[in-house]
Undergrad: 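First, the structure itself, so that you have it in front of you.
A note on names: the letters A, B, ... follow the listed sequences, proteins ahead of strands, and every chain is numbered from 1.
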Number of protein chains: 2
Amino acid sequence: MGMGRPRTFDCDAALDQAMEVFWRHGYEGATIAQLTEAMGINPPSLYAAFGSKEGLLKAALDRYTERRAAWMEEVLSAPTARDVAERMLMGVAEKQTDPANPPGCLLVQGGIACGTGSASVPFELAARRAQTEEQLRDRFARAKDEGDLKLSADPAALARYVSAVSVGMGVMASSGADRDALAQVAAVAVKAVEEQSSGRPET
Amino acid sequence: MGMGRPRTFDCDAALDQAMEVFWRHGYEGATIAQLTEAMGINPPSLYAAFGSKEGLLKAALDRYTERRAAWMEEVLSAPTARDVAERMLMGVAEKQTDPANPPGCLLVQGGIACGTGSASVPFELAARRAQTEEQLRDRFARAKDEGDLKLSADPAALARYVSAVSVGMGVMASSGADRDALAQVAAVAVKAVEEQSSGRPET
DNA sequence: TCCATATTGTAGTGCTCACTACAGATGTAG
DNA sequence: CTACATCTGTAGTGAGCACTACAATATGGA
């Protein structure tokens, strides 16, 4: 039996283009016409490859998190909790204002509130943000075990805090904040983590 | 000459209902059908009173910020920059999880990214968020003049920071974070402002 | 009372949306 | 070369969208 006509477009390259459209316009704001044009394909090819608009979003999200995995590893490998926070937040300031991408973070820009037909999208994005928060929590828990964080420090609260600041910076980036402005926010934010560190003088 | 048939619905009460729909579904996710049903009116009445869907959003935003003005005054009247930040962030944790309203903040839930037809909406929301940031900046500048903040403190950066944390907390609230979780974030965040205060021991 | 003016409810308008039927094209297997 | 399986492009599909035409209705002023 024949194996059919082979696909003529690069699936990953198309996903990158779709990612950008979702990033810039959000899930609901992105139309199939915009997506297909950016991807250089026609609607039937899109539906054959990804099943639905939501399926395409999930594939784009997978690619997005996959691309960030290496950077996240580097963040978590910082020696102290304070340095983890600094690498994370400074990196966020840089990435969210990278002119190669739309401003902000896809996991926020994708859609915070949606209509009744897309109610699951915000949950999907939240679940992916929660993964990063979990990684931070585990890393901060280790820091506490290692005596790097005070005994009174709460790793879960610190991870939520760093995650919240990242999200807030993303929203600011998408509404025009430049890299310096975000870096200033990051610098202030790191102080709070520093304050929970046991290495500080006079504690 | 006659003055026409009088309006039979309460404009402010209808705006409150519209506000809730925008808050829960975002600008693009909210449909005219949902809005009119929640407001208890028919489309022609909506368009006669507010001009367009975007006009209705702006009216709802006006009402939203007006309602927060009193609370904001109370926040800004706190004696020190640290207390301003604490009142602000703890208040945000409380308000964004108030079961009387949808979770999060209308100025974020309303729409961070929109389609090409509603591109002005995110800007509109950002401009309103910037107003709060300005109020904080002016208050922190005064705190610096009063010697309440260190000479090295940057009021604009601090205001941006508090604003960013508020926004991040709003996104977390909308994705299910409860009041305690947000209060923990707020408590950590306040430490960073505290660190910029001149009243701290051993500085 | 009768006109002018404004609101209301019904019932649409044209448009755009996500999605797909279909036929032609392009590959593999025998 | 033939049969078959899959992709590709064209051209739509019904559904839902923001918005409105229209006639009925309710007021104030002459």
Side-chain angles (χ1 to χ4, degrees), chain A residues 1-15 17-19 21-22 24-61 110-111 113-122 124, chain B residues 1-15 17-19 21-22 24-60 110-111 113-121 124:
Chain A
M1 325 199 176
M3 289 185 46
R5 177 176 176 173
R7 179 173 290 155
T8 59
F9 66 94
D10 179 354
C11 195
D12 284 343
L15 260 185
Q17 298 305 314
M19 194 169 78
V21 175
F22 282 133
R24 199 173 296 280
H25 298 293
Y27 175 75
E28 290 192 307
T31 69
I32 296 293
Q34 287 174 321
L35 290 163
T36 52
E37 183 181 352
M39 298 166 86
I41 62 176
N42 292 308
S45 297
L46 190 159
Y47 283 90
F50 304 104
S52 66
K53 186 182 177 187
E54 202 164 328
L56 175 61
L57 174 71
K58 286 181 182 172
L61 291 175
C114 279
T116 49
S118 318
S120 68
V121 169
E124 180 74 27
Chain B
M1 328 206 172
M3 291 186 44
R5 176 175 176 174
R7 179 172 289 155
T8 59
F9 67 93
D10 179 354
C11 195
D12 284 342
L15 260 184
Q17 298 305 314
M19 194 169 79
V21 175
F22 282 133
R24 198 173 297 280
H25 299 292
Y27 175 76
E28 289 192 307
T31 69
I32 297 293
Q34 287 175 319
L35 290 164
T36 52
E37 183 180 352
M39 298 166 86
I41 63 177
N42 292 306
S45 298
L46 190 160
Y47 283 89
F50 303 104
S52 66
K53 186 183 177 185
E54 202 163 330
L56 175 61
L57 174 71
K58 287 180 183 173
C114 279
T116 48
S118 318
S120 68
V121 169
E124 179 74 27

Undergrad: Grab the CG-C1' distance between A:Leu56 and C:dC17 for me, whole Å please.
TA: 16 Å
Undergrad: Looking only at N and O atoms, is any donor in the side chain of B:Arg5 or the base of D:dT25 less than 3.5 Å from an acceptor on the other one?
TA: yes
Undergrad: Could you pull out the closest heavy-atom pair between A:Leu15 and A:Ala60, with the gap in Å?
TA: CD2-N, 3.7 Å
Undergrad: Within this structure, what is the OG-CD distance for the pair A:Ser118 and A:Glu124, rounded to the nearest 0.5 Å?
TA: 12.5 Å
Undergrad: A:Met3 has an atom CE; how far is it from atom C1' of D:dA3, in whole Å?
TA: 16 Å
Undergrad: With distance as the sole test, does B:Lys53 use its side chain to make a donor-acceptor pair with the main-chain N or O of B:Tyr27 at under 3.5 Å?
TA: yes
Undergrad: Starting at CZ of B:Phe9 and ending at C1' of C:dA6, how long is that distance when rounded to a whole Å?
TA: 12 Å
Undergrad: Looking only at the side chain of B:Pro6 (C-beta and beyond, no hydrogens), which of the listed nucleotides D:dT8, D:dT27, C:dA29 gets closest?
TA: D:dT27
Undergrad: Over how many whole Å does the gap from A:Leu46 atom CG to C:dC17 atom P extend?
TA: 15 Å
Undergrad: Sugar-phosphate means primed atoms, P, OP1 and OP2; the rest is base. With that split, encode nucleotides 13-23 of chain D 5' to 3' as B, S or - using protein heavy atoms under 4.0 Å.
TA: ----SSBBB--
Undergrad: Calculate the interatomic distance between A:Arg7 atom CZ and D:dG9 atom P; express it in whole Å.
TA: 13 Å
Undergrad: Looking at residues at least two apart in the chain, or sitting in another chain, which of them share a side-chain contact (heavy atoms from CB on, under 4.5 Å) with B:Thr116?
TA: A:His25, A:Gln34
Undergrad: Using a cut-off of strictly less than 4.0 Å, decide whether A:Thr8 has a side-chain nitrogen or oxygen near OP1 or OP2 of D:dT8.
TA: yes
Undergrad: Starting at CZ of A:Phe50 and ending at P of C:dC19, how long is that distance when rounded to a whole Å?
TA: 14 Å
Undergrad: Please state how far atom CG in A:Leu35 lies from atom C1' in C:dA18, giving the value in whole angstrom units.
TA: 11 Å
Undergrad: Nearest 0.5 angstrom please: B:Phe50 CZ to B:Leu35 CG, how far?
TA: 10.5 Å
Undergrad: Using a cut-off of strictly less than 4.0 Å, decide whether B:Ser45 has a side-chain nitrogen or oxygen near OP1 or OP2 of C:dT8.
TA: yes
Undergrad: Between C1' on C:dC19 and CD1 on A:Ile41, what's the gap in Å once rounded to a whole number?
TA: 14 Å
Undergrad: Output the distance between atom CG (B:Leu56) and atom CD1 (B:Ile32), rounded to the nearest 0.5 Å.
TA: 7.0 Å
Undergrad: Main chain of B:Gly40, side chain of B:Gln17: is a donor-acceptor contact present, judged purely on distance under 3.5 Å?
TA: no
